[in-house]
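Take a look at the structure set out below.
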Protein chains: 2
Amino acid sequence: MPRPPGSHGVETRGRILQTALELFTQQGYDKTSLRDIAGRLGITKAALYYYFERKEDILLELHLQLHNAGSELLDELESAEDGPARVAAWPRLVNRLIAFMLENRELILLHSRNQSAFETLARSDRNRAENTALEERFVQILSSPVIPLRDRVRMAATVGVITEVFVESARAFTDVAPEELAALAHEALADLMPAEAPTAL
Amino acid sequence: MPRPPGSHGVETRGRILQTALELFTQQGYDKTSLRDIAGRLGITKAALYYYFERKEDILLELHLQLHNAGSELLDELESAEDGPARVAAWPRLVNRLIAFMLENRELILLHSRNQSAFETLARSDRNRAENTALEERFVQILSSPVIPLRDRVRMAATVGVITEVFVESARAFTDVAPEELAALAHEALADLMPAEAPTAL
DNA sequence: GTCTATATTTCGATAGAC
DNA sequence: GTCTATCGAAATATAGAC
């Protein structure tokens with residue numbers, strides 16, 4: 001069956017990204033050569049240059065995938081007005097946070113294990129405004145002068161819990177049904193940040 | 001004043017490690033050349049080889065510093081017998097966890113930002129048994145079959161909170177007095193994992 | 001202990017045929 | 001779209017003088 005011109009390339013391009021994601025995560029971005037990626041795909045290094053101008057561009061594309069998902073998430077976190085309203089809205093965003101971690105776990109692991117490579121990427125722009133680091137936006141949220149420190153600590157704690165349970169220590173819970181894990185995490189997060197403001201005792 | 005033979009070297013060796021720690025953290029291990037390190041110290045690249053046989057050995061020594069501190073911590077986490085006793089002991093270890101994060105923040109950041117480099121280090125042993133990754137021991141604790149899943153999730157959550165507040169998002173709290181931050185974190189952690197076992201309601 | 005070379009290797013990137 | 005061949009640029013590491 002003849003293949004329409006160009007359609008093969010789209011496939012290969014996707015396979016390159018998938019393979020790069022795995023290798024960059026396992027061995028690290030710098031320790032992964034283009035020869036490694038090409039070899040696993042059964043093509044040669046030179047062929048990669050048909051799809052990506054530079055090695056960095058492969059990482060950049062993976063970065064953008066995470067960036068897009070993360071931007072949406074941060075938009076939601078920022079959708080409530082800075083101040084007590086944002087604190088009140090926070091517990092309802094827990095589901096979104098968990099979903100984000102689960103849906104993007106591979107990309108998050110890639111990012112987590114290659115932070116320095118991603119920072120180099122950010123500096124060597126030809127990216128630009130869109131490149132405001134997600135983490136910077138998050139730190140800004142936590143630095144708000146109109147949210148009590150106590151609440152800001154709890155907001156950070158929330159994210160810490162979710163990251164630890166669903167990403168960093170996820171290996172310890174691989175044989176647990178995701179819904180069960182999510183339910184237990186939810187319960188813990190509710191203790192940490194109850195949906196209704198705690199009444200002064 | 002004449003310097004006893006060898007004593008100068010000890011000083012320089014320490015300065016190399018300190019500088020490497022800073023540069024590896026800021027720019028990443030792979031992006032930091034020996035020329036970078038030497039240049040900042042006002043010596044040449046070749047001089048580094050008098051103190052370290054390979055570039056990897058510099059990273060290895062920094063790794064060992066963290067490994068030693070982390071081993072002690074894990075010994076304490078494991079000091080209570082696996083099972084409910086360990087859960088009961090956990091809240092009392094919170095202070096130790098916080099202290100560990102604060103005392104080793106630079107090394108932890110180094111590790112966090114260069115995970116892949118450290119894993120390469122672990123594989124290319126000439127390290128060996130002592131090299132049991134700290135994270136692996138921690139995951140083992142969380143995987144215990146004789147601790148209820150609910151408690152294991154809380155144990156992981158505890159670490160997630162402390163890591164997030166004192167390391168990952170520490171920038172958001174730089175202008176907060178450490179004792180105040182620790183007090184608020186403590187309060188949050190108590191909600192997450194009360195010192196006395198929660199009585200069934 | 002520190003220097004000036006220089007050797008060695010690896011890798012990203014390009015040129016040009018098919 | 002993919003290949004072979006090669007260039008050029010680091011960077012690690014070594015040799016040997018001082």
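Order of the sequence lines sets the chain letters (A, B, ...), proteins ahead of strands, with each chain counted from 1. This structure is a prediction, so every number in the text was calculated from the model and none was measured.
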Among C:dC3, D:dA13, C:dG12, the nucleotide that comes nearest once only the side chain of A:Lys55 is considered = C:dG12
Taking DNA chain C as the partner, which of residues 26-39 of chain A come within under 4.0 angstrom of it by heavy atom?
-> A:Thr32, A:Ser33, A:Leu34
Looking at the side chain of A:Arg54, which of C:dT4, D:dG1, C:dA13 is the nearest nucleotide?
-> C:dA13
Report the nucleotide, chosen from C:dT2, D:dA5, D:dA13, that has the shortest atom-to-atom distance to any side-chain atom of B:Thr12.
-> C:dT2
Classify the side-chain pair A:Ser112/B:Gln115 by whether it contains a donor and acceptor separated by less than 3.5 Å.
-> yes
Taking the side chain from A:Arg86 and the backbone from A:Glu78, do they hold a donor-acceptor pair closer than 3.5 Å?
-> yes
Report the nucleotide, chosen from C:dT2, D:dA15, C:dA13, that has the shortest atom-to-atom distance to any side-chain atom of A:Lys45.
-> C:dA13
Test: A:Glu136 and B:Arg171 ion pair at under 4.0 Å | yes
Nucleotide D:dA11, atom P - distance to CD of B:Glu56 in whole Å = 17 Å
Heavy atoms only: give me the nearest A:His111-A:Glu135 pair and the separation to one decimal.
-> CE1-OE2, 2.7 Å
Rounding to a whole Å, what distance do you find between A:Ile43:CD1 and C:dC18:P?
-> 21 Å
Any salt bridge between A:Glu187 and B:Arg154, counting N to O under 4.0 Å?
-> yes
Over how many whole Å does the gap from B:Ile58 atom CD1 to D:dA11 atom P extend?
-> 15 Å
Any A:Thr44 side-chain nitrogen or oxygen under 4.0 Å from OP1 or OP2 of D:dC3 = yes
Would one find a side-chain N or O of B:Tyr50 under 4.0 angstrom from OP1 or OP2 of C:dG1?
-> yes
Ring pair (Phe, Tyr, Trp, His ring centres under 6.0 Å): pairs with one or both residues in residues 14-47 of chain B, sequence neighbours excluded | B:Phe24-B:Tyr29
Distance from B:Ile37 atom CD1 to B:Ile16 atom CD1, nearest 0.5 Å?
-> 8.0 Å
Choosing from C:dT2, D:dG1, D:dT12, which nucleotide comes nearest the side chain of A:Tyr51?
-> D:dG1
N/O (side chain, A:Tyr49) to phosphate O (OP1/OP2, C:dA13) under 4.0 Å = yes
